[in-house]
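Just so you know, these numbers come straight off a predicted model, no measurement behind them. In what follows, chains carry the letters A, B, and so on, assigned in the order in which the sequence lines appear, proteins first and then strands, with residues in each chain numbered from 1.
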Amino acid sequence: MCGIAGFLQKDAASPPRAADALLDMLLALNRRGPDSSGVAIYGPRRDDGFVVRGWFGEDEEVAVRSIEAAKDRWHVPDAEETAGYLRLEIATDATAGEVADVLDAVGLEVFSVGRSLEIVKHEMRADLLGQTYGLRGFPTRHGIGHTRMATESRVDVAHSHPFWARPFEDVAVVHNGHITNYHKLRRIFEMKGYRFHTGNDTELIAVYIADRLNRGLSLGEAVNASMHELDGSFTYLLSTAEGFAVARDPFASKPGVIYEDDEVVAIASEEHAIFAALGERRAKTREVQAREVLTWAA
Amino acid sequence: MGSVSTDVTIDCEGLATREINTRIRAALGEGATELTVLNPAGRHNLAVALDGDPRITFEGTVGYFVGALGMGPNIVVNGNAGWSVGADIMGGGVHVHGNAGSSVAASIRGGLIVVDGDVGARAAIALKGGTVVIGGKAGYMTGFMMQTGTLVIGGDAGDGLGDSMYTGDIFVGGEIASLGADAVVRDPTDEELGRLRELLTSVGHEVERPWKHVTSGGNLWHFEKEKYELWKEAF
């Protein structure tokens with residue numbers, strides 16, 4: 001199972017409402033993934049540095065060390081702790097990968113580093129996630145989300161979706177399915193110097209796509225390339241600061257439903273999740289087709 | 001004894017799926033013949049494994065397996081439906097006045113399943129009888145391994161149509177992206193077109209289209225060494 005959701009506002013003039021829409025969709029998808037829920041959302045852009053989201057859990061020491069490590073190296077205009085999460089705003093010339101490595105070294109589980117990306121995920125229902133981390137009303141115009149029913153790898157906060165495409169700023173992915181050539185591809189990417197931080201196959205999709213983007217492919221080209229190289233069953237959503245893409249495997253083995261009009265795009269594993277965000281708009285949704293790749297810009 | 005109402009309305013709001021199905025069964029047990037179900041909200045497994053010939057109308061979108069395993073009821077969905085509409089039914093039918101997900105009418109042995117709009121992948125997979133009518137487009141591997149029965153697609157069909165079908169008839173009104181292993185296109189006979197016209201008129205679908213008839217080429221019925229290449233392709 002697992003539920004995935006994506007929401008994007010096309011109309012730049014409309015007030016941001018993607019965070020609320022995603023939380024409503026994920027709550028509707030709770031039965032597809034009671035283990036955890038999470039979102040990747042895009043707030044105001046920091047051109048002079050990054051927003052970091054990391055997990056210290058119950059180890060307060062890790063939070064203290066992380067803040068110290070950050071302040072030793074960079075200007076830190078804001079540091080906030082909420083229920084096991086550390087959120088840092090930092091001004092720096094360092095790369096997202098360097099920032100993540102520094103914080104990793106002091107024990108923080110770094111979930112996202114981006115100019116605007118923030119990943120928040122936990123072993124709780126989407127409505128509680130929204131409440132706990134104050135996500136309702138978060139000023140994002142697009143984002144992706146996930147409810148997890150684990151069929152491989154551990155059930156904990158780090159193995160929940162979304163996954164950041166470390167070390168590439170602002171790229172995140174959610175996925176319903178399995179990547180069956182995971183171990184082979186992981187070894188290939190490790191030989192290229194990428195490091196993996198969980199045993200979850202979705203992390204591989206994130207790194208795979210980000211590697212292609214880094215080689216100059218467009219979002220659509222990178223996702224299309226994945227159709228030939230990722231083996232298994234998948235419907236996945238991949239987001240960047242500019243927009244997102246959806247892809248469904250060549251055998252159409254995992255679900256995906258789309259609603260699109262002039263104002264919004266909503267994608268979910270099941271249609272009722274789209275209705276949870278938009279109200280019931282009959283007959284305007286359709287299934288993503290086998291091998292179909294679609295991209296949108298926010 | 002009070003008179004039993006034959007016309008019952010059930011509102012799903014606030015009810016668990018099991019409670020909805022229990023109420024549907026209870027109403028049928030008391031002699032209801034017309035059920036209206038409000039606010040189904042995409043719930044899965046609604047009105048499954050029922051017999052008799054009641055008419056059950058869902059006002060809104062339903063989830064997976066609506067009306068599955070039925071042996072007679074006529075189910076109407078005024079909305080869209082998720083995966084596996086009417087899977088494995090033996091008789092009766094489901095009519096979706098909207099779009100539906102993948103695996104519509106999987107493995108049915110009888111009955112009539114109609115979707116007015118588009119459907120996802122693998123509609124009529126392993127069809128063992130009965131009739132399936134899709135008004136719009138059908139996705140990847142439609143009619144995969146169908147064994148007998150009739151499938152009508154008003155719009156376009158995706159890749160791999162009728163792959164490894166044994167017998168049965170597929171009629172397509174639109175374009176076929178590609179045929180599956182051992183599926184062949186023929187021109188429909190006047191008699192077949194007559195039956196098609198009758199069927200489509202009865203379900204309120206457009207009749208006049210440039211119909212193509214897809215059937216099994218019969219080359220995969222028995223293994224023959226000389227046809228090894230064909231088998232390799234099918235696998």
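For the pair A:Lys254 and A:Tyr236, the cation-pi test (distance below 6.0 Å, angle within 45°) is failed. A:Arg136 forms no cation-pi arrangement with A:Phe138, by the criterion of a distance under 6.0 Å to the ring centre and an angle within 45° of the ring axis.
Heavy-atom distances place both the backbone and the side chain of B:Ala121 under 4.5 Å from chain A. Using a 4.5 Å cut-off between heavy atoms, A:Arg291 makes no contact with chain B at all.
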| task | Dump the intermediate steps for salt bridge (Lys or Arg N to Asp or Glu O under 4.0 Å) on A:Lys10 and A:Glu260, then the final yes or no. | result | CA-CA 10 Å; A:Lys10 293 176 172 175; A:Glu260 183 175 10; 2.7 Å; yes

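In terms of non-hydrogen atom pairs under 4.5 Å with chain B, the most contact-rich of A:Ala28, A:Ala252, A:Ala276 is A:Ala252.
We find the CG-OG1 distance between B:Leu35 and B:Thr57 to be 8.5 Å, quoted to the nearest 0.5 Å.
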